[in-house]
Every structure is written in C-alpha cells, then in structure tokens.
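In the text below, chain A, chain B and the rest are named by the order of the sequence lines, each starting its count at 1. As the structure is a computational prediction, the values presented were derived from the model and not from experiment.
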There are 2 protein chains.
Amino acid sequence: MKQEINENVLFDAAELFKCFADSTRIRILHSLISKERSVNEIADLLNMNQSAISHQLRILKDAKLIKKRRDGKTIYYSLDDDHVYNIIAQGIEHVEE
Amino acid sequence: MKQEINENVLFDAAELFKCFADSTRIRILHSLISKERSVNEIADLLNMNQSAISHQLRILKDAKLIKKRRDGKTIYYSLDDDHVYNIIAQGIEHVEE
DNA sequence: TGAATATATGAACATTTGTTCATATGTATT
DNA sequence: AATACATATGAACAAATGTTCATATATTCA
C-alpha cells in the first residue's frame, strides 16, 4: 500500500472518516445497513429533530456514502457504498476488544 | 452485525474514527505502517512542529492505536492494532473510486 | 552537577463542527 | 388554488478541536 499513497489521498481519506466520526452520522449509517429509510423514520429512530438529520444526510450524501430515492412526498435514503459496512465493522471490532 | 450493536458501541466507534478523521493523525498512522518512528522523525516527515505531533500522538495512544517504547532519550512509536491498516485501506479504496 | 537533547503538557487562540430555529421548497390531495 | 405533509436550507450559537508558544520532565554525557 504505502508507496502508492500521496498526501491528497490521505487528506481525502481523513475527510471520509469524518463521516464515521460523529455519533449521529454513524448511527444513521448503521440504521441504513438493514434497509432504506425515510428522513422522518431516521429522525424518530434516533430521537432527533428532522432538521438535524437532514443536515447530516447531506454530509453523507456529499461523501457518496448514501443515495436518495423519491417516492411521492417521501425521500428514502440507503447506503451507496460497499465499504460502509466493512469500515463500521472494523471500528466495532476495535472498540469491542 | 446489526442485532448485537447497542448505542454505546456506536458511540465508541465514532470516537475511534475521530482518530482517522484528521489529516495529521492519519498521516502519522500511515507513516507507522512501515516501521516504528521517533517523535522528531515524525515531525520532520510531516513538516510540523514537535509539540503538535506530541499532542496527536497522545490522542492515538489513548485510543490504543499506537504504543511507545523508550530507547535512551528517544521514544519510538509504532502501531498497536491490527485494524489500523485495514481501516485506512478501506478508506483509501473508497476515495480512490 | 550542569548542559544538551528528546518528548510531554497546559493555556490560549482561531477554526471547525453539530444542533436549533425559522423558513423555503417540493409533492399530493381536496 | 389552498392546504397539508415531507424534506431541505441558511443563519446563529455553543461546544469541540488542532496548533502554537512557553515551559516542564526525563535521559544522557561531559
């Protein structure tokens, strides 16, 4: 690995890890592992207000970790990256030791 | 995975990911993949002052991601966790897509 | 013991970050 | 068109974070 990595890649990776580095966002990601969910559904699940969730969803969307799909008035979010599960799993493995 | 996870574990995982969510820290971790390094060596490598590096090393140490070893006046840091390499590798895979 | 070298630490400061509030946008229904 | 519902967004604020500076601690060597 080492040789191919330049500063920019590590910088970008740090940006990516910021998505996982917040309780709200990692809980959102975790809640999407099993299935897609609407914004209000997530807000209820995490017991937080809708605006806070929307703000965080945008961050996750910008990082290309989740995608959205509209169905009438409702917008459903789901995971958009295979690494999400693995990254969370590795993190949990570490903290559970 | 889903079922076994409670809020605390996700909270702890978020704390862990904070270590990877900063340019300086992820560069330190990356620099330690190949070999152990002294504080000054890391500071030189990253072109940052020694104090800044020491502060970040403490955070990584507290998270149990690195360990230290003294040899005379010099303290050598090295990785202390198998997940570090994998977590960084997954992150890089995502950003390189 | 005193000087030199390596690392650690506390305080201060500027910057970044997450949430809330108010409100805007978009869609469906009557 | 008017209303209701779902989501998005900008501004404001408090809290958390990363770096710098000054200085403390620890070790070696003369």
- Message: Using side-chain contact (heavy atoms from CB on, under 4.5 Å), reason through B:Ile59 and B:Leu65 one step at a time and then give a plain yes or no.
- Response: CA-CA 9 Å; B:Ile59 291 173; B:Leu65 293 176; over 6 Å; no
- Between CD1 of A:Ile42 and P of D:dA6 the distance, given in whole Å, is 14 Å
- Message: At less than 3.5 Å, do the side-chain atoms of A:Ser51 and the base atoms of D:dT9 form a donor-acceptor pair?
- Response: yes
- Message: Tell me the interatomic distance from A:Ile26, atom CD1, to C:dT17, atom P, rounded to whole angstroms.
- Response: 17 Å
- Before giving the answer on side-chain contact (heavy atoms from CB on, under 4.5 Å), spell out for A:Thr74 and A:Asn40 the whole-Å C-alpha distance, their side-chain angles and the decisive distance to 0.1 Å. CA-CA 9 Å; A:Thr74 306; A:Asn40 277 330; over 6 Å; no
- Task: Using a cut-off of strictly less than 4.0 Å, decide whether A:Arg25 has a side-chain nitrogen or oxygen near OP1 or OP2 of C:dG18.
- Result: yes
- Message: Tell me whether the side-chain N or O atoms of A:Gln50 pair up with the base of D:dA6 as donor and acceptor below 3.5 Å, since no angle test is needed here.
- Response: no
- Message: Measuring from atom CG of B:Leu57 to atom CG of B:Leu29, what distance do you get when rounded to the nearest 0.5 angstrom?
- Response: 9.0 Å
- Contact list for DNA chain D against residues 64-81 of chain B - heavy-atom distance below 4.0 Å: B:Arg70, B:Gly72, B:Lys73
- What pair of heavy atoms forms the shortest contact from A:Lys67 to A:Leu79, and how long is it? NZ-O, 3.3 Å
- Query: Which of these nucleotides, D:dA8, D:dG18, C:dT7, is closest to any side-chain atom of B:Ser38?
  - Reply: C:dT7
- Item | Length of the CE-P vector between B:Met48 and C:dA8, whole Å | 15 Å
- Message: Would B:Val84 and B:Ile66 count as a side-chain contact (heavy atoms from CB on, under 4.5 Å) here? Give the steps.
- Response: CA-CA 9 Å; B:Val84 173; B:Ile66 60 175; over 6 Å; no
- For the side chain of A:Gln56, counting heavy atoms from C-beta on, which of C:dT20, C:dA8, C:dG18 is nearest? C:dG18
- Note on the structure: Atom CZ of A:Phe20 and atom P of C:dT17 are separated, to the nearest Å, by 16 Å
- Residue whose closest nucleotide on DNA chain C lies nearer the 5' end, A:Glu15 versus B:Val39: B:Val39
- Can you find an N or O donor on one side and an acceptor on the other, under 3.5 Å apart, linking the side chain of B:His55 with the base of C:dT7? no
- Query: What integer distance in Å separates B:Lys61:NZ from C:dT9:C1'?
  - Reply: 15 Å
- Round to a whole Å and report the spacing from CD1 of B:Ile59 to C1' of C:dT7. 16 Å
- Message: With a 4.5 Å cut-off on side-chain heavy-atom distances among I, L, V, M, F, W and Y, is there a chain of contacts connecting A:Phe17 to A:Tyr85?
- Response: yes
- Message: Tell me whether the rings of B:His94 and A:His83 are parallel (<30°), tilted (30 to 60°) or perpendicular (>60°).
- Response: perpendicular
- Compare the minimum distances between each of C:dT20, D:dT17, D:dG18 and the side chain of B:Lys18, then state the nucleotide with the smallest one. D:dT17
- Query: C:dT16 C1' sits how many Å from A:Phe11 CZ, rounded?
  - Reply: 12 Å
- Item | Gap between atoms CZ and C1', on A:Arg58 and D:dA8 respectively (whole Å) | 9 Å
- Message: By nearest atom, which of the nucleotides C:dA6, D:dG18, C:dT20 is closest to the B:Asn40 side chain?
- Response: C:dA6
